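This report refers to the structure that appears directly beneath it.
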Amino acid sequence: MEDKCKVIAIANQKGGVGKTTTAVNLGVALANTGKRVLCIDCDPQSSLSRSCQISDDPDSLDVTLSELMEYEMTGEDKDYLLINNAIKQFESIDLIPSNISLSGTETALFNCMSRESVLKRTIEPLRKNYDIILIDCMPSLGMMTINALVAADSVIIPCEPSFLSVKGLDLLLHSIAKIKRQINPTLQIDGVLMTMVDSRTINAREITSALRDAVGHNINVFNIEIPRSVRATECPNMGESIFVHDPGGRVAMAYEELAKEVISLERKAQTKLRPHGIR
Ligand code: ADP
Ligand code: MG
């Protein structure tokens with residue numbers, strides 16, 4: 001069967017730029033268009049699992065991403081029961097939670113064979129069940145994020161319109177280029193996503209347009225920008241996506257628009273892959 005699943009890492013080594021918010025809300029927006037979506041929490045701080053209120057205490061969960069990756073490291077045949085036990089539901093998406101034990105898993109990766117591709121191998125059997133898998137990365141460029149970028153077909157880079165955030169992009173783009181060169185040659189950058197944009201401030205507008213000037217010629221900067229809104233800040237507390245918490249609001253509409261841009265990128269990529277003469 002043709003594998004149509006697309007794995008997208010949501011990455012930026014800077015914290016607080018909207019990675020987790022984007023994983024949840026882009027995930028739900030894509031699911032609302034009929035896509036089968038899985039979100040993977042790849043951060044030992046469990047922000048995604050907490051935002052979706054998968055458990056009052058993610059640290060007490062028995063089966064999380066750590067157990068799946070550690071099982072993969074033992075090199076035994078896949079344990080489908082374990083994988084199924086790890087998958088939880090949130091609104092219209094599936095989710096694999098994480099907890100603090102993911103830090104231990106990251107350390108264990110250093111002594112394991114093909115350590116960069118453990119996550120890729122872990123999620124391989126899930127690809128047939130989903131159209132899109134989103135990986136919510138931790139705020140670092142360590143081994144866990146490298147695993148996410150190796151497992152991914154593409155990457156979305158949320159970025160706040162601040163001077164330091166934009167400066168920090170260089171380091172990330174450099175790492176992505178290195179992973180592409182050495183391990184995952186087909187990795188694409190879907191684009192930089194401006195988040196928490198307060199269009200009333202001149203600073204935000206200037207930084208966003210400077211970014212478009214600086215990288216826009218060879219890296220996509222999504223047309224849609226995610227506005228800053230108190231309603232978005234309230235979501236994790238309520239355990240709701242923006243589509244439940246503030247349907248029809250500015251942030252919900254922006255994530256809906258982003259989902260359309262992401263789907264159109266996917267279509268373009270598929271057209272490119274088709275051999276000549278077959279339409
Ligand atoms: P990261 O995963 O990159 O650390 P988060 O998605 O957790 O970032 O966002 C950091 C904080 O900013 C959270 O408190 C979140 O609720 C808030 N936030 C995210 N997006 C928005 C937005 N569009 N408007 C206002 N606050 C936001
Ligand atoms: Mg996060």
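Read the numbers this way: they start at 1 and go in the same order the structure lists the ligands and their atoms. Counting begins at 1 with the first residue of the sequence. Below, each value reflects all heavy atoms present in this structure, side chains not excepted, and no hydrogens, waters or symmetry copies. Bear in mind the structure is a predicted one, so any value in this text is a computation, not a measurement.
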Tell me whether Lys19 has any N or O atom under 3.5 angstrom from an N or O of ligand 1. yes
Which residue supplies the protein heavy atom nearest to atom 8 (O) of ligand 1, what is that atom called, and how far is it? Gly18 N, 3.0 Å
Evaluate whether atom CG of Asp56 has more than 12 neighbouring non-hydrogen atoms of other residues, nucleotides or ligands under 6.0 angstrom away. no
Under 4.0 Å from atom 10 (C) of ligand 1, is there at least one protein heavy atom? yes
Would you say the side chain of Thr21 lies within less than 4.5 Å of the side chain of Thr195, judging by non-hydrogen atoms? no
So how far is it from Leu134 CG to Thr22 OG1, rounded to the nearest 0.5 Å? 9.5 Å
Looking at every non-hydrogen atom in both residues, tell me the closest pair between Ile189 and Ile219 and how far apart they are. CG2-CG2, 3.9 Å
Starting from atom 24 (N) of ligand 1, what is the nearest protein heavy atom, named by residue and atom, and what distance separates them? Ser229 N, 2.9 Å
Side chain to side chain contact (heavy atoms under 4.5 Å, CB included) between Lys6 and Ile133, intermediate numbers included: CA-CA 6 Å; Lys6 183 173 180 185; Ile133 298 178; over 6 Å; no
Within the 4.0 Å heavy-atom cut-off, what Pro227 brings close to ligand 1 is backbone
Are more than 12 heavy atoms, taken from residues, nucleotides or ligands other than Lys78, located less than 6.0 Å from that residue's NZ atom? yes
Does atom CD of Gln45 have more than 12 heavy-atom neighbours, drawn from other residues, nucleotides or ligands, at distances under 6.0 Å? no
Atom 7 (O) of ligand 1 [closest protein heavy-atom partner, distance rounded to 0.1 Å]: Thr20 CB, 3.9 Å
Check the pair Glu70 / Thr105 against side chain to side chain donor-acceptor pair (under 3.5 Å), numbers first and verdict last. CA-CA 7 Å; Glu70 284 174 18; Thr105 307; 2.7 Å; yes
A student checking ligand 1 against Val17 at a 4.0 Å heavy-atom cut-off should list atoms 1 (P), 3 (O), 8 (O)
For atom 12 (O) of ligand 1, what is the closest protein heavy atom, and at what distance to 0.1 Å? Met196 CE, 3.7 Å
Shortest non-hydrogen contact from Val63 toward Ala86: CG1-CB, 3.7 Å
Considering heavy atoms of the protein only, find what lies nearest to atom 14 (O) of ligand 1 and give residue, atom and distance to 0.1 Å. Thr233 CG2, 4.4 Å
Quick one: does atom 22 (C) of ligand 1 have a protein heavy atom under 4.0 Å from it? yes
Answer yes or no as to whether an N/O/S atom of Gln45 is found below 2.8 Å from the Mg ion (ligand 2). no
At what distance is the nearest protein heavy atom to atom 4 (O) of ligand 1, and which residue and atom is it? Gly16 N, 2.7 Å
Nearest heavy atom to atom 20 (N) of ligand 1, choosing from Val251, Thr21, Thr22, belongs to Thr21
Closer than 4.0 Å to some heavy atom of Ile226 - which atoms of ligand 1 meet that? 23 (N)
Answer with yes or no whether Thr195 contacts ligand 1, where contact means a heavy atom under 4.0 Å from a ligand atom. no
From CA spacing to verdict: side chain to side chain contact (heavy atoms under 4.5 Å, CB included), Glu266, Glu261: CA-CA 9 Å; Glu266 195 191 355; Glu261 282 195 48; over 6 Å; no
